[in-house]
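Report on the structure given below.
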Amino acid sequence: MRDPGRVGAAVEVLSGFRDRSLPLSILMNDWARNARFAGSKDRAFVRGLCLDVLRRWRSFNGEGSVRCAVYLTLRDVWGWDASRVEAAFAGDHGPGWLTTEELAVEPSEEADIPPFCDDLAPHLSAEQVKAMLERAPVDLRANTLKASPEKALKAIQNLGAEPSPLSEVGLRIAPPPAAEKGPGVKVIPAFGKGWLEVQDEGSQLTVLAAGPLDGAQVLDLCAGSGGKTLALAASMGNKGQVHAYDAIPERLAPIHERLRRAGARNVQVIGAAETDRLEALRGRMDLVFVDAPCSGSGTWRRHPDTKWRLTPAHLEARQEEQDMILRDASRYVKPGGILHYVTCSYFEAENEERAEAFLAEHTDFELVDPLGGLPQGAFRERLQPFTTDKALRLAPWSSGTDAFTLLRLQRKT
């Protein structure tokens, strides 16, 4: 495909997003099924252009005109000159000539977050919002059950990988240009051998911040497909025990193959229907790790379509879930044990406010130092700049990671 066909495809996909508000991945798959002539490079181009448009959907008039949003993205973000933009719109299979009115459109000064979120995040500066518009790197975690970070790094140095700035087991590959395919990490031998896992550095840090867990009993209550379960198992060196549970069976389905590949032998998977096994853990856990369902605002660099599908009703529903999960999780914490509450959201309404609501009803818990599980040393010092008196707060504009918030709650003895 040439520029006109690719740009026309992006306008088609984005028009579907505007009209149907479906996940971009579904719309891309629908387009690809009907465009069998499109190769992998074409799909990467169209997806990359759609993502960059959606990162600026509000300020680039995307809600009003898909064509204008695509035009401004090609001009201001991709740096195409006027002749190339004109040829892409007007050529065969392109979306059609740009009108004089469209060519006169300029970006607005609207913040590129959902309008109703303005009240939730009044502290965000223009620089911070801009950081959320950048493409995110490819972050990996060296699986120390099978390979040292040095060994894993050597295996992917040809992909331009470097050690992560903060995580002791993290590796990072710079984001490719938007129109190009990302590095094929999952097809390299080191990944197949279980040396590597794809995991944002911020997600890694929420696990490492728990500190030494040798011999501990740990419950990962919202395990999903097992990303943090695997990180916990590796951090514990296959000692102690991790109990992985998720209330939705489909989410937990991939975990078994991932555990096998990673060599994680200290994990017990508890199915959604095995409530008796879960109940047997009540009051016995040294650590309950809660990766709570949330708005996902912390991942908007990677999934910009999700921010335009977020509604006040959706956010309210997430908060109700978070309150319920915190109440449920507290039952499994033993006296003196820790409840780690984590979201990939920077909204206080999903983090500090949820902890405050929980503590108002559960006086047997208290909010403690978010880095209280870490011994003094270089790693703790690296994380200290991202802590408040209540939480560890990671974000694209501060730590260079996705936005994650961690609160550490302790059950009183």
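- A salt bridge links R309 with D305: the distance from a Lys NZ or Arg NE/NH1/NH2 to an Asp or Glu carboxylate oxygen falls below 4.0 Å.
- Tested against S295 for a side-chain contact (heavy atoms from CB on, under 4.5 Å), the candidates T306, L310, L120 yield a single pass: L310.
- Comment: R354 does not engage E321 in a salt bridge, judged by the lack of any side-chain N to carboxylate O separation of less than 4.0 angstrom.
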Residue pair F289, L219: steps toward the side-chain contact (heavy atoms from CB on, under 4.5 Å) verdict: CA-CA 6 Å; F289 196 103; L219 171 61; over 6 Å; no
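- Taking the charged nitrogens against the carboxylate oxygens, D42 and R6 do have a contact shorter than 4.0 Å, which makes a salt bridge.
- Of the candidates V368, V333, L367, V368 is the only one forming a side-chain contact (heavy atoms from CB on, under 4.5 Å) with Q410.
- Using a 3.5 Å distance cut-off with no hydrogens or angles, the side chains of T387 and Q384 do pair a donor with an acceptor.
- Distance check, rounded to the nearest 0.5 Å: CG of N61 to CD of E110 gives 9.5 Å.
- Using a 4.0 Å cut-off between charged nitrogen and carboxylate oxygen, R380 and D369 count as a salt-bridge pair.
- Taking 4.0 Å as the cut-off between side-chain N and carboxylate O, R301 and E134 do not count as a salt-bridged pair.
- A salt bridge links R135 and D52; the closest N-O separation between the charged side-chain nitrogens and carboxylate oxygens is under 4.0 Å.
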Stepwise side-chain contact (heavy atoms from CB on, under 4.5 Å) check, F404 with L205: CA-CA 9 Å; F404 281 89; L205 294 173; over 6 Å; no
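- Remark: the backbone N or O of A355 is not paired with any side-chain donor or acceptor of D323 at under 3.5 angstrom.
- Looking at R318 and E350, no side-chain N of the basic residue comes within less than 4.0 Å of a carboxylate O on the acidic one, giving no salt bridge.
- Using a cutoff of 4.0 Å between basic side-chain nitrogens and carboxylate oxygens, E197 and R258 are scored as salt-bridged.
- Within a 6.0 Å sphere centred on CZ of R265, other residues, nucleotides and ligands contribute 12 heavy atoms or fewer.
- Rounding to the nearest 0.5 angstrom, the gap separating the CG atom in L281 from the CD1 atom in I270 is 4.5 Å.
- Closest non-hydrogen pair, L166 versus F379, comes out as O-CE1, 3.6 Å.
- Using a 4.0 Å cut-off between charged nitrogen and carboxylate oxygen, K130 and D112 do not count as a salt-bridge pair.
- The pair R260-E257 counts as a salt bridge, with a side-chain nitrogen and a carboxylate oxygen less than 4.0 angstrom apart.
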Worked check of side-chain contact (heavy atoms from CB on, under 4.5 Å) between L24 and C50: CA-CA 8 Å; L24 180 64; C50 288; 4.1 Å; yes
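- To the nearest 0.5 Å, atoms NE2 (H256) and OG (S225) are separated by 12.0 Å.
- Atom CG in L278 sits 6.5 Å away from atom CG in L221 (nearest 0.5 Å).
- Residues S297 and Y346 share a closest heavy-atom pair of OG-N, 3.2 Å.
- With rounding to the nearest 0.5 angstrom, the OG atom of S59 is 11.5 Å from the CD atom of E106.
- Within the 4.5 Å cutoff, side-chain heavy atoms of W195 are placed close to those of K151.
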Full working for side-chain contact (heavy atoms from CB on, under 4.5 Å) between S203 and D402: CA-CA 8 Å; S203 179; D402 285 353; over 6 Å; no
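- Looking at E109 and R58, no side-chain N of the basic residue comes within less than 4.0 Å of a carboxylate O on the acidic one, giving no salt bridge.
- Between the CG atom in N351 and the CD atom in E353 there is a gap of 9.0 Å [rounded to 0.5 Å].
- A search for side-chain hydrogen bond (donor to acceptor under 3.5 Å, both in side chains) contacts involving R43 returns nothing, not counting sequence neighbours.
- Ionic pairing of R84 and D81 is not present here: no N-O contact between side-chain nitrogen and carboxylate oxygen is shorter than 4.0 angstrom.
- By the 6.0 Å contact criterion, CZ on R331 is enclosed, its count of non-hydrogen atoms from other residues, nucleotides or ligands being greater than 12.
- With salt bridges taken as basic N to acidic carboxylate O contacts below 4.0 Å, none links D214 and K239.
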